[in-house]
Every structure is written in C-alpha cells, then in structure tokens.
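Report on one structure; see the data block that follows.
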There are 2 protein chains.
Amino acid sequence: MAMGRPREFDLDRVLGCALDVFWAKGYEGATMADLSAATGLKPGSVYAAFGSKAGLFTQVLDRYEDSVFTYARDAIQEPTVRQVIRHWLEGVARATTGPDTPPGCLLVHGALAAGDGAASIRAELAGRRERGEQFLVARLERARAEGDLPDTVDPRAAAGYIFALSSGLAVEAAGGADRERLLRTVELTLHRLPWE
Amino acid sequence: MAMGRPREFDLDRVLGCALDVFWAKGYEGATMADLSAATGLKPGSVYAAFGSKAGLFTQVLDRYEDSVFTYARDAIQEPTVRQVIRHWLEGVARATTGPDTPPGCLLVHGALAAGDGAASIRAELAGRRERGEQFLVARLERARAEGDLPDTVDPRAAAGYIFALSSGLAVEAAGGADRERLLRTVELTLHRLPWE
DNA sequence: CGAATTCTTGAGTGCTCATTCAACATCTCA
DNA sequence: TGAGATGTTGAATGAGCACTCAAGAATTCG
C-alpha cells in the first residue's frame, strides 16, 4: 500500500548534530536555524520528522543518555562503594570536559536554560535527573545490604550528596573550568567520604 | 543650571522587582515586557535609567550580592573551618529555597541560561562566582596558617569542593528540591569533611 | 515667567523566532 | 505504468523580542 519517499538523511547523524547544538546552547538557546544549519535539514524536514523543536529535543535526550551516561552504567558495576563513586564522579568530570563535546551537562544546562514557555521541558529534564539518581540509590541500597555501606547511612542521602557534587561539577565545567580542576575536586571528595 | 524632572520611581524598589524577575527566569528568559510589568516602568523609562537590559542586570547583580550573600560574609567570620563551612552551606541551602524568593541562585541560573548573544553576561557571572570563591579561599588560607586546616590540604582545592557543592545545591533547588532535602545533603557533607 | 534640563509615555522600529504550507520529488504496490 | 503515500524545498506567517523616538510633563534656575 505505497510506502512513500524514503528520507534522505541518516537519523543517527542528524540526532548527533542536533545534540551538539542543544548541548552547547541549551534548549531555548538553540534556534531552529542553528539546528537546521548543523543538521543540514530544512526546517520543513525537521517538522516532518520530529513534529516540533521539543520533539527533536526529546529524541536528542535519549541519544545523550545512551552515548554519554555509559560511565554511570559502568560505575554501578564496580565492586565497592568507593570504586562506584570514583568511577561515577570521574565520569562526570570527563564527560563535562570532553575535548570534542561542549562543556557541561545537557541535563543541567538544558534545565536551567529553560524559561517560561518550556515548563514541560524543565519537568522532563528534572524527571531524567531523578531517574539517574534512583539508579545510584539502588546501587547504594545493595551496598548497604552487603555491608559495604554503614547501616547508619541513608542511601538516598548518600546519592543526593554525590548528585549534588555531580551537578556542581557540571556547572563549573559549563563556566569554563578545565578537567584537571574538576578531577582535583573529585580527588579531595574521595580522600574521605562523609560516612567513612 | 536647571535640574530637570525628577524620577518618579524608587530605585531600590525597582531593582528589587527586577531582581525577582531575573532570579526566576534567568537573564535571557526575562523579557523587557516582564521587567516593565514587574517594575511598573515603561520600557522607555528603563532605557533612560539603565541604558539597556544588560545595564539593568548589572545593577540587579550588585543588589543581589548585597542582599543575598550576607550569609557568606557572616560565614567567614565564624571561628573554625567547620563552622565557616556549616554556615556557608546552610546559607546556600536557605538562600536557594527561600519562601519569598525564586528557587535557585541567580549567579548559577543566570549563567547557564545565557545563550549566544550574552557571552559578556556569562563572563560577568563567572567573574562574580570566582570572586566569591576567592573570598572563601582567603578564609581557608588563614585557617591553615592558624593550624585549623591541615598543611596537606590546598585551600583552593577545599574551596573548590565547597563551591562545587554550593552550585550543586543551587541546581537542585532550581529543579524543585525542598529545603529539607538540601539541608540533609549539607548534614551529610559535614558529618566528616574530606580532610578530617 | 521662560529657558534649559531631565523624566515619562505610548506608539512604533526592525529583527528573529518557531512553525506552516503548497508545490514538487521519490518511493511502493498493484 | 499510474495511483497513493511520504519526504523535501523555499518562501511565507504571525508572534514576540530588545530597543527607539517624538511629544508632553515636571522640575530648577535666571
């Protein structure tokens, strides 16, 4: 029953280009003209393919998590809480200061850069950050059951602490701090964790 | 030689209203229409008095630091490093979750929400954050000289750690976290500092 | 008072934004 | 081959943006 004209662009490449733009400028800072220029798609094609700027952003977020948050998935596989946290925080420091990617974190940058008309975008990003935190909470709960985290420590509080530091590192990176500076903060953090 | 018509508005009140708008929406998120409505000044009067949106923002920043950063000035007066840091971090937690002010920190929010056309605004905010950090560095250097901070700890690294946490708390507040949650993170941080 | 000066006002400037649309192109299937 | 379906294109649309300006209003000084 007639399939229609096939799209001429590579979806993955387009999402990658759009990611760079959103990552560098935030949701509202990125204009359709920017996105059109970076992806090579005319505005009409973007709307045909993704419905809206917000629709494109949502797909870009999925791609961001898949490609950037590998360090988080790897981190929770580490055998001890110390190693989990080291892997996690060093991953944040590296991901937010990559030589080939914009400085900062899209989930942090995007959220704060969303103004009035983008309340739903802010909610979406807050939800994704929350999911990320739950990811770490679950690992720390397991650690407590295994005796690797003291009974006196609430895994949610510990994850909240690590997450606050992660967001702080992302802010510093977005503000121009270099990787060494971030890694020095990570090193000091790991010198002794609050419950050790 | 003729003084001209006196201004009809109270400068301090106008800056206060503008502060609320910038604080809630960031630099680029705040429109002149928002500012005009909140202050009661017509656009023409704003430009006559402040020159531009950026000029108004700069004056608002001064006012912000004067009124909100009292906790930082008070904190460094505390006698011990522990008390300095407690006062500082609790001040951040409270200032970013005030019942009568928007959530988050203007210096963090404003910086990340500044897109392409506002590079100078971003630089201004980065400079002000840097000045804030130096403020804490100086206090920690004194503490090290007094033996209140181990010789092995670099005051700049320690201040960087506290500042990363501060920014992280501000991001969480902007994302909707409540005061109790932030204070729980502060409590865990203080349970044992990395160099203790 | 009248001249000089500064503020206020309201309407308007040109620009950029996200989004749309009609015409055309390229595919599948019968 | 032709009908149906979908993708691409370039131009256009209306809304919102920071900012401006001419005219009028309030003041001080001579």
Check for a donor-acceptor pair, side chain of B:R144 on one end and backbone N or O of B:D151 on the other, with a separation under 3.5 Å.
yes

Contacts of A:R13 that satisfy side-chain hydrogen bond (donor to acceptor under 3.5 Å, both in side chains) - sequence neighbours left out:
none

d(CZ, B:F9; P, C:dT6) in whole Å:
15 Å

Regarding the side chain of B:Y47, the nearest nucleotide among C:dA18, D:dT20, D:dA26 is D:dT20

What's the shortest heavy-atom distance between B:A158 and B:L140, and which atoms?
CB-CD1, 3.7 Å

Cationic tip of B:K53 within the cone over B:Y27's six-membered ring, i.e. under 6.0 Å and within 45° of the normal?
yes

Could you list the donor-acceptor pairs under 3.5 angstrom formed between side-chain atoms of residues 162-170 of chain A and any protein atom two or more places apart in sequence or on another chain?
from   : atom 1 : to     : atom 2 : distance (Å)
A:S166 : OG     : A:W88  : NE1    : 3.2
A:S166 : OG     : A:I162 : O      : 2.8
A:S167 : OG     : A:F163 : O      : 3.2

Taking 4.0 angstrom as the limit, do B:R128 and B:E124 come out as a salt bridge?
yes

B:R86: side-chain hydrogen bond (donor to acceptor under 3.5 Å, both in side chains) partners, not counting sequence neighbours:
B:E90, B:E187

Keeping the roles fixed (side chain from A:D66, backbone from A:R63), state whether a donor-acceptor pair exists under 3.5 Å.
no

Rounded to whole Å, how long is the line connecting atom CZ of B:R7 with atom P of C:dT9?
13 Å

Side chains of B:F9 and B:T39: does their closest heavy-atom pair fall under 4.5 Å?
no

Can you check the A:M32 CE to C:dC15 P distance for me, whole Å?
22 Å

Which protein N or O atoms sit under 3.5 Å from an N or O of nucleotides 9-12 of chain D?
from   : atom 1 : to    : atom 2 : distance (Å)
D:dG10 : OP2    : A:K42 : NZ     : 3.3

Check: A:T189 and A:I85 side chains under 4.5 Å, non-hydrogen atoms:
no

Taking Watson-Crick and G-U wobble contacts under 3.5 angstrom, with | marking pairs to another strand and [ ] crossing pairs, the secondary structure of DNA chain C is written ||||||||||||||||||||||||||||||

Within the side chain of A:R179, is there an N or O that forms a donor-acceptor pair under 3.5 Å with the backbone of A:R94?
yes

Quick one: does B:R5 reach the base of C:dC7 with a side-chain donor-acceptor pair under 3.5 Å?
yes

Nucleic acid contacts of residues 48-60 of chain B, taken as heavy-atom distances under 4.0 Å to DNA chain D:
B:K53

